[in-house]
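Everything on this sheet refers to the single structure shown next.
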Amino acid sequence: MRLPDAQVLDGELLLVLHGSPTAMFSATAGIAHSLGCGVHLVTTGMMRRIRNIQRKSGESNIEFLARVAIIDTIAGHTSADTPVVVRRPDVMGGAPVFRGTRVPPGPVFCMLADKSATELVRIDYPSLSQDLVRSALLQACRLLEREAPWADR
């Protein structure tokens, strides 16, 4: 296993690890236990963006990492045919997560629903209610979670 990059973000450790998934997650758990802080695995592309993107006021580490993961995906580091939300037996007990992370889609979609519904309705679609936009985003999340395929990596 290799550790090409690491950074501390508000008292939590971000790691780019290369190796077998089992070894990476075991190492992550061991590091978190011995240091007593949160440890997150990120991709090399995410780490570059983390260093270059301004964090939003009041944004938690998990919200920030989720936003960076989404930007990394949109930027083309994942094929459009490759599922973005997947399940892996060795990651979070098989719960749906964004590919290559331990970030579940639920909190991200809730954040998007809360932060974007007002602006979408006010500017682009005034005939829609904010509640309808929120509900649609949350339903989309549930569909993504339900249909998330099992992935090797």
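Please read all numbers here as calculations on a predicted model, not as lab measurements. Just so you know, residue 1 is the first one in the sequence shown, and it goes up from there.
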Contacts satisfying salt bridge (charged side-chain N to carboxylate O under 4.0 Å, His left out) that involve residues 8-34 (not counting sequence neighbours) are Asp10-Arg55

Applying side chain to side chain contact (heavy atoms under 4.5 Å, CB included) to Leu15 and not counting sequence neighbours gives Leu3, Ala6, Leu13, Leu17, Ile31, Val39, Leu41

The side chain to side chain contact (heavy atoms under 4.5 Å, CB included) partners of Ser60 (sequence neighbours excluded) come to Ile62, Glu63

Contacts of type side chain to side chain donor-acceptor pair (under 3.5 Å), residue Arg87, not counting sequence neighbours
none

Please name the pair of heavy atoms, one in Cys110 and one in Leu138, separated by the smallest distance, quoted to 0.1 Å.
SG-CD2, 3.7 Å

Side-chain touch Thr101/Val42, heavy atoms, less than 4.5 angstrom
no

Phe64 versus Glu59, closest heavy-atom pair with distance
CD1-OE1, 3.4 Å

With Val85 via side chain to side chain contact (heavy atoms under 4.5 Å, CB included) - residues at least two apart
Pro96, Phe98, Pro105, Leu144, Ala148

Nearest heavy-atom pair of Cys141 and Phe109: which atoms, and what distance?
CB-CG, 3.4 Å

Looking at Gly11 and Cys37, what are the two nearest heavy atoms and their distance?
O-CB, 3.4 Å

Check Val68, Leu65, Val8 against Leu14 for a side chain to side chain contact (heavy atoms under 4.5 Å, CB included) and give me the one that passes.
Leu65

For Ala151 and Arg99 the tightest heavy-atom approach is CB-NH1, 3.9 Å

Which pairs, with at least one residue in residues 35-45 and sequence neighbours excluded, count as a salt bridge (charged side-chain N to carboxylate O under 4.0 Å, His left out)?
none

Of all pairs that satisfy salt bridge (charged side-chain N to carboxylate O under 4.0 Å, His left out), the ones with a partner from residues 24-44, not counting sequence neighbours:
none

Could you check if a side-chain atom of Arg67 sits within less than 4.5 angstrom of a side-chain atom of Ile53, using non-hydrogen atoms only?
yes

Please identify each residue that fulfils side chain to side chain donor-acceptor pair (under 3.5 Å) with Arg146, with sequence neighbours left out.
none

Partners meeting side chain to side chain contact (heavy atoms under 4.5 Å, CB included) with Thr43 (sequence neighbours left out)
Met46, Asp72

